[in-house]
Every structure is written in structure tokens, then in C-alpha cells.
Amino acid sequence: LVEERDKVYRWFERLPGILSWLMLLSPVILSLISPTLAAYFIIAYLLIWVFKALVMSLRVIQGYRRLNQHMSYEWLKLVEELDNPAKAFKQYEQGISPKWHRRNLLAIQERADDRLYQKDILQAVIIAVYNESRDIIEPTLKSILKTDFNHKKMIVLIAYEERGGTEVEATVTELSKEFGHHFYHMEAVKHPKDMPNEVIGKGGNITYAGRRLKVLLDEKEIPYKNVIVTTLDADNRPHPQYFASVMYAYIACPDPVRTSFQPVSMFTNNIWDVPAPMRVIATGNSFWNIVLALRPHMIRNFASHSQSMQTLADTDFWSVRTIVEDGHQYWRTYFRYDGVHEVVPILVPIYQDAVLASSYVKTLKAQFIQVRRWAWGASDIAYVLQTGWRKDNKVPKWDLFFKTTRLIEGHVSWATASLILLLGAFVPLYLAPQASMSLIANQLPIIASRIQTFAMAGLFVSIYFSIRLLPPKPPRYKMRHRVYMILQWVYLPVTTIVYSGLAALVAQTRLLFGRYLGKFDVTEKAVKK
């Protein structure tokens, strides 16, 4: 809360904005000091990001292949083998594939007295709803019923807001009655408005539902460690193998309580319906989530994620005092368990909607607001510096140091990279006196152009896999729309700058000057029929 921030904490909040603006101004400052030095700085910066872009393209290829592999596995069969490793080893005389499954079977054998079985596991799903229509919520419930899991071992809570109005209350109540018989338990949980010490956001809503879940489990005397809790937004649709795959990871994990499980968020539900700029942004975000799944040390809780009910009870569920409760939950869990916390990627997707509002202009605005909200995760920097470095804790300091620097670097790069890559090469040319211009500074725009042309190889990878990731084309669209899916990439420079760099820079600048985002800006979800 604002009144709890002391002067040091405020400086921590200002840090990402200060660093980002210093980074953006560095070509200007260096050009005034020495155009040659500025040129070398910009060339080095370009080369670093070209290397990153090429590595990301390779990761997309690798991630796409692994994603398809994991979606094709019969996860319930693999879970059954975890229940009886000895039988599995006898059955597969030629060796067990994949290799990671064999390693998990060996590990399970070694801790036979301290493990979970399939029969022990109950899955709980909390669906966060604000004022979404039945057209949004019902497909999510149907997608849950299509998952390869025993739904009679599943609790579904629709967490809806009182401030959403009477219409949404009637919708979720009706849906609970229609779908309730499919599950072990289902109900709609109303989050009262104007709760004390809460910002207006998703965190308070799902936390209220989580506490209701705690009461239900206590009544049934179900151990918290046996319950996997997954949060979904109203438009999130899990892949048919998601719940089976997260159960496998949970059982195989040596310490599931101190672990979060992160699926790959894919923004493809309505990809055919949204405007071209939004398709480019949604595809880029999907690619980034695929890449992160191959880099576990970089993953944080994002959007839909799963944790043990014991973990949520230990952390008092999600934060009710920030609009970025997902990423913030990683740090709360990390400090709660003295740094013994990791995120395990689940290479099975949960499909989400790309941004689509009721008009083109509203869609453009809603997309900016959504990315700005995500970028508000820069506020976690102050929390980490305060909790990790100013308060007594047992977190290993080297681990905390690397995590802190990655967090800061990630947000600063988010706000600055696209602007420097586009405009940095022209700064020495226009700011430095002609007499002081060196040859390399004078030729910098040409050098930068050639480096960026080399980086275009990554764009072709993106175009190819964007087509491969498309869901089936709705009948209402003609074949020419497939061509539009290729031509849309001309928007990439604009979307990268406006809906990535500027959105993040605005969030950090607001934080710098104390203009806090006091409420969760719910993205409008329109549906084309």
C-alpha cells in the first residue's frame, strides 16, 4: 500500500525507470562526448541483440518440436507407470522412452516411502471471472471436460466479482448448475467488492475463492499436499493433456510443495478474428512463452499456473495488493521457502484469447493497456530488493543476486531494446558536430542496416511457425486470409515499439513518479460469431 512505502522502497520503485531512461539516453550522451564511442556502443548493442534473436529462433524451433512431442504423450499411462515403476521396467525390455521418464521412475523407486500416487491426487480449478459473457466462460468449462482426466476428482470454482454486476452472477450460477454434476464439486464464489487492504484486481478474487476451497478441503479432511490448484482466466482453455501432464510432474517432483508448474500460454483461441497487429503481438507472446519453457531458470508464474494447495496455504494464497499477482506469486513463494523454490515448465499449452474488443480502435487501446499491465511486473523489483536485501532472511545470497539482476535486466531491456535498435544508429549522425564525426560514426546507419538485415533470418522462422501454430480456419474466412497471416508481419516494427517498448516504458515511468496502477484493467473480451 502507498502509505507503507518508505523512502528507500520508493527509490527501489524508481530504479527500473531510472535505468531504462539512462539506457535510452546513453546514445545521446555518448554522441555528445564522442561519436566514435557512441558508434561502438550501438554496434555492440546491435550485435548482442542479433545474437539473442538468432538464439531465440533456434529455441522456437526446438520448443515447437518438444511442444508437439509433449502434447502427443499419453500422460495418464505415464502416471500409471509412476505408480508402479518395477512393473514398468519389466514391461519395457528394450528400454524406457523418453529418457526423462526413465529417470523419474528410478527417482520414484528411491523414495518409495515418501511419494504420492495417482489415487491421492485431486485437482482444483479456479476460473477468474469479472464481467465476461457466457460465450467466453462456457467454452472454458467445455474444454476442461475434454481433458484426459477423471473429472470426478476435480473441484471447479468460478470466482466472480460482485462489482461485475448481477448479469454475470446469473451467468455463473446457471453454468454451475448445468456443469456441476460432471465434477467432484463445483460452485460459483462471489468476491465482495471494496474489501479492505485490497487493490481492485484478480488477486483478491482468486484468493477469496482459494480460501473457500480451503474450507471445502477441511470439511472433507483432504490433505492440502494432495491437491493441485490451477488458476484460469475466463477465456483460458487447457489442452486435453494438461491436467494429466501436470499431475505427472507433480507426482514425479521430489518436493512439489516448493514448486510451481507453468504451462505454455498460447494466444490462439481467436487468432483468426483479431486485427493483424494483434495477431503479430499474440504470436510473438506465444513464441516467447515457448522459449521460456526451455529456460526454467527464467520462468516466473504467468497467467494460468498450478501450485500445491499446501503452497497456497503457506503463502496465504495470492497477493491482494498488486495487479500482477501471477509473477508476484513466484517471489512470495521464493521468500516463503527461503529460496527453495523452482518453476517446472509444463510443455502442454493452455490456450488464451488474443485481444479483441468491440471495435478496432478499442482493440488497439486494450492491447496497449494489457501489455502495460504485464509490464507493471517491474514493481516486483522493489519487493525483491526490500524483502531479499533489507530484511532478515535465509535465502542464498548468490542465488538471490543472479535472480535480482535477471529481473532488473529483463524489465530494462523490455522498455529500451526496441527503441535503441530502431533509432540508436541515427543519434550520432544528427547530434554530433560534423567536424567530430569519425568514419565509423558516419557510416553507422549503413552498418546497422546490414546487421539488422542479417537478423531477418529470425523473422522467416517466426512466419513459418506462426502458420504452423494456427488453429483450424473458421469456415467464415476465405483462403486468402492465410495470405494475410503472412503479410501481417509488416506490422512487426510498429507492434514491437508501441506494444512492447513504449508500454513497458510507460509502466516504469508511472512507477518512477508514483502514479500507481491501483486497479486491474480488465481486457474486454468480444466474440465474433
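Values reported hereafter were calculated over all heavy atoms of this structure, with side chains retained and with hydrogens, waters and symmetry mates removed. Residues take their numbers from the sequence shown, with the count starting at 1. Since we're looking at a predicted model, the values are computed, not measured.
Lys52 and Glu409 are joined by a salt bridge, as a carboxylate oxygen and a charged side-chain nitrogen come within less than 4.0 angstrom of each other. Electrostatic pairing of Arg390 and Asp6 counts as a salt bridge here, judged by a charged N lying under 4.0 Å from a carboxylate O. Look at Asp273 and Arg476 and you find a salt bridge, because one of the NZ, NE, NH1 or NH2 atoms lies within 4.0 Å of a carboxylate O, short of that distance. Ion pairing between a basic and an acidic side chain is recognised when a charged N comes within 4.0 Å of a carboxylate O; Asp194 and Arg163 show such pairing. Residues Arg300 and Asp326 are not paired through a salt bridge, judged by the lack of any N-O separation under 4.0 Å between the basic side chain and the carboxylate.
Rounding to the nearest 0.5 angstrom, the gap separating the CD atom in Gln262 from the CD atom in Gln307 is 10.0 Å. Note that CG of Leu46 is 9.5 Å distant from CZ of Phe41, once rounded to the nearest 0.5 Å.
For the pair Arg14 and Trp11, the cation-pi test (distance below 6.0 Å, angle within 45°) is passed. Remark: Arg258 is positioned above the aromatic ring of Tyr337, its terminal NZ or CZ atom under 6.0 angstrom from the ring centre and at most 45 degrees off the axis.
Looking at Ser359, its side chain does come within 3.5 Å of a backbone N or O of Lys362 through a donor-acceptor pair.
Taking the six-membered ring where tryptophan is involved, the planes of His305 and Trp318 are perpendicular, since the angle between them exceeds 60° and thus also 30°. In this pair, Tyr477 and Trp272 present their aromatic rings parallel. The plane angle is below 30°, not in the 30 to 60° band. Between Phe368 and Tyr499, the ring-plane angle classifies as perpendicular under the 30° and 60° cut-offs. Ring geometry, Trp398 versus Phe401: the interplanar angle exceeds 60°, so the pair is classed perpendicular (tilted spans 30 to 60°).
Taking 4.5 Å as the limit, every side-chain heavy atom of Met195 sits out of range of all side-chain heavy atoms of Glu162.
Side-chain N/O atoms of Tyr516 and Glu13 include a donor and acceptor closer than 3.5 Å. For the residue pair His341/Ser260, the side-chain donor-acceptor check at 3.5 Å is satisfied. Remark: the Tyr383 side chain and the Thr322 side chain contain no N/O donor-acceptor pair separated by less than 3.5 Å.
By the neighbour-count criterion of 12 heavy atoms within 6.0 Å, atom NZ of Lys473 is densely surrounded, having more than that number from other residues, nucleotides or ligands.
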